[in-house]
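Worksheet for the structure shown next.
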Amino acid sequence: LGSIARLQNTPAQCLWAQPRISSPVTVAGLQFPNRVGLAAGLDKNGRCIDGLGAMGFGFIEVGTVTPKGQIGNPMPRVFRLPDGQAMINRLGFNNEGLDVFVHNVRRAHSFRRAGGVIGLNIGKNASTPIEDAVDDYLLGLAGVYPHADYVTVNISSPNTSQLRELQGDQALDSLLGALQTRKHKLQQEHGRTVPMFVKIAPDLEPAQVRLIAATLKRHGIDGVIATNTTVSRNDVVGAEHAAQAGGLSGFCKRAESEYD
C-alpha cells in the first residue's frame with residue numbers, strides 16, 4: 001500500500017492499471033460503473049483511492065475510520081488459511097483518525113473523475129464505552145459526509161469489543177435514529193444527499209436478520225453491506241490457524257453473505 005500511495009497518479013501507475021469493465025448498475029440513486037468493488041478494511045486511511053481505483057474497480061470503500069487514531073490489536077493479527085481460500089484477521093480498526101482520513105480522501109481525484117464511486121466507512125473507537133458509541137458514529141458521519149458518495153456504518157466487526165451489540169433491537173434503533181437526524185441536518189447544510197448503508201454480520205439467525213431489516217426500513221436506511229467477517233470456523237475445522245481469534249473471510253463464507 002505504501003508503494004501504491006507514492007506512485008498513484010504518476011506514470012508508474014501503468015504497472016498495475018487495468019481497464020475498467022463497463023457494466024453499470026444503480027443502487028440508492030448512485031450509478032456504479034460496475035459491480036466489482038474493493039471492500040473497506042484494506043485501505044483504512046484512504047491513502048490509495050486513485051491507485052486502487054486504477055485496477056478496474058467500479059467502487060472503492062475505505063476505512064473503517066474512527067474519530068481518534070488507534071493502533072488496533074497486537075500483532076500478529078492476520079492469518080492465512082490457503083486450503084480454505086480464507087483468512088482470519090483481528091486488526092481492530094487500526095487507523096490514523098478522522099482528520100488524517102478526510103485529508104487523504106480529499107486528495108483523491110482521478111478515480112472519482114473517471115466515474116468511480118467512493119464509500120467511506122465509519123466506526124467507533126475501542127476506548128469508547130459501548131453506551132457512548134452513538135457519539136463516535138455522529139462524529140464520523142459529520143466528518144465524512146461532505147466527501148462521500150455513500151457512507152457505511154460498521155456495527156459488525158468482531159474485533160472491537162461489544163461492537164456487535166449495536167445490532168440488537170434497541171441499540172440499533174437508537175443508533176439509526178440519531179444518525180438519520182444528523183444526516184438530515186448535514187443534507188441541508190451541504191446541499192447534497194449521501195446514501196447511508198449499514199454493514200451487518202453473517203452470524204445472525206434468520207429472526208435477527210428480519211428484525212434488523214425491519215429496523216433499517218423503518219429508519220429509511222438506503223441499503224445493507226452484506227457482510228462482515230464471521231466468528232464461525234465450521235468451514236475451516238482442522239486448518240492451521242483456524243483457532244485464532246478474529247473474523248474469518250474468504251470463499252467459504254460466500255453463501256452466508258447471500259441472504260434471501
Side-chain angles (χ1 to χ4, degrees), residues 37-42 44 61 63-64 66 72-74 76-94 119 121-126 128-131 133-134 136-137 140 151-176 179 196-219 221-260:
L38 182 67
L42 178 63
K44 292 179 179 289
E61 187 173 318
T64 298
T66 54
N73 294 320
R77 53 193 185 186
V78 177
F79 306 90
R80 300 184 186 279
L81 291 74
D83 291 342
Q85 300 182 55
M87 182 174 73
I88 294 171
N89 92 81
R90 53 171 180 262
L91 294 170
F93 288 173
N94 54 305
N121 184 306
I122 59 174
K124 85 168 194 71
N125 279 107
T128 300
I130 194 67
E131 57 268 22
V134 172
D136 276 13
Y137 284 98
V151 175
T152 297
V153 180
N154 188 348
I155 56 172
S156 53
S157 170
N159 300 316
T160 296
S161 178
Q162 297 182 287
L163 186 73
R164 289 189 169 188
E165 293 180 12
L166 296 174
Q167 296 176 121
D169 185 24
Q170 185 174 348
L172 183 61
D173 192 60
S174 298
L175 174 63
L176 296 184
L179 285 170
M196 186 163 63
F197 304 144
V198 173
K199 190 168 187 176
I200 63 172
D203 308 304
L204 298 166
E205 295 297 327
Q208 292 175 289
V209 174
R210 289 192 293 270
L211 184 60
I212 289 172
T215 305
L216 298 179
K217 185 175 180 180
R218 185 168 64 253
H219 285 282
I221 300 302
D222 298 287
V224 171
I225 305 289
T227 65
N228 216 313
T229 55
T230 179
V231 295
S232 170
R233 298 293 185 268
N234 292 341
D235 296 310
V236 292
V237 173
E240 185 179 8
H241 303 309
Q244 291 288 344
L248 176 75
S249 56
F251 182 78
C252 59
K253 307 314 295 181
R254 178 177 177 179
E256 293 179 28
S257 295
E258 295 177 340
Y259 290 111
D260 292 332

* Between Val198 and Val224, does a side chain to side chain contact (heavy atoms under 4.5 Å, CB included) hold up when you go through it step by step? -> CA-CA 5 Å; Val198 173; Val224 171; 5.5 Å; no

* To do: Show your reasoning for whether side chain to side chain contact (heavy atoms under 4.5 Å, CB included) applies to Asp136 and Ile122.
  => CA-CA 9 Å; Asp136 276 13; Ile122 59 174; over 6 Å; no

* **Evaluation steps, side chain to side chain contact (heavy atoms under 4.5 Å, CB included), between Val231 and Leu248** => CA-CA 6 Å; Val231 295; Leu248 176 75; over 6 Å; no

* **Full working for side chain to side chain contact (heavy atoms under 4.5 Å, CB included) between Arg77 and Asn94** => CA-CA 11 Å; Arg77 53 193 185 186; Asn94 54 305; 3.5 Å; yes

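Residue Gln170 qualifies as open at atom CD: its count of foreign heavy atoms under 6.0 Å is 12 or below. Taking a 6.0 Å sphere around CZ of Arg80, one finds it holds 12 or fewer heavy atoms contributed by other residues, nucleotides or ligands.
Counting only distance, with no hydrogens or angles, the side chain of Asn121 and the backbone of Ala40 share no donor-acceptor pair below 3.5 Å. Using a distance-only test at 3.5 Å, with no hydrogens or angles considered, a donor-acceptor pair links the side chain of Tyr137 to the main chain of Asn154. Side chain of Asp203 to backbone of Thr230: no donor-acceptor contact under 3.5 angstrom is found.
A heavy-atom distance below 4.5 Å is found between the side chains of Thr229 and Pro158. Proximity of Phe197 to Ile221: side-chain heavy atoms (C-beta onward) are nowhere separated by under 4.5 Å. By the 4.5 Å heavy-atom criterion applied to side chains, Asn228 and Lys199 are counted as neighbours. Proximity of Val134 to Lys124: side-chain heavy atoms (C-beta onward) are nowhere separated by under 4.5 Å. In this structure, the side chains of Ile155 and Glu165 stay at 4.5 Å or more apart for every pair of heavy atoms.
Residues satisfying the side chain to side chain donor-acceptor pair (under 3.5 Å) criterion with His241, sequence neighbours excluded, are absent altogether. For Ser232, the side chain to side chain donor-acceptor pair (under 3.5 Å) partners at least two apart in sequence or on another chain are Asn234. For Thr152, the side chain to side chain donor-acceptor pair (under 3.5 Å) partners two or more places apart in sequence, or in a different chain, are Glu61.
Nearest heavy atoms, Pro202 versus Thr227: CB-OG1, 3.5 Å. Contact detail for Leu81 and Val236: the closest heavy-atom pair is CD2-CB, 3.8 Å. For the pair Gly123 and Thr64, the tightest heavy-atom approach, listed with the atom from each and the gap, is N-CG2, 3.3 Å. Shortest non-hydrogen contact noted between Ala201 and Arg164 is CB-CZ, 3.5 Å.
A donor-acceptor pair shorter than 3.5 Å can be found between the side chains of Thr66 and Asn125.
Annotation: the span from Leu166 atom CG to Ser157 atom OG amounts to 11.5 Å, rounded to 0.5 Å. Note: Thr160 OG1 to Phe93 CZ = 4.5 Å, rounded to the nearest 0.5 Å.
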Please set out all donor-acceptor pairs under 3.5 angstrom arising from side-chain atoms of residues 206-217, sequence neighbours excluded.
from	atom 1	to	atom 2	distance (Å)
Gln208	OE1	Glu205	N	2.8
Thr215	OG1	Leu211	O	2.9

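Residue pairs satisfying the side-chain hydrogen bond (donor to acceptor under 3.5 Å, both in side chains) criterion with at least one member in residues 84-93, sequence neighbours excluded, are listed as follows: Asn89-Asn159, Arg90-Gln244. Within the structure, salt bridge (charged side-chain N to carboxylate O under 4.0 Å, His left out) pairs that include any residue of residues 235-252 comprise Asp235-Lys253 (at least two apart or interchain).
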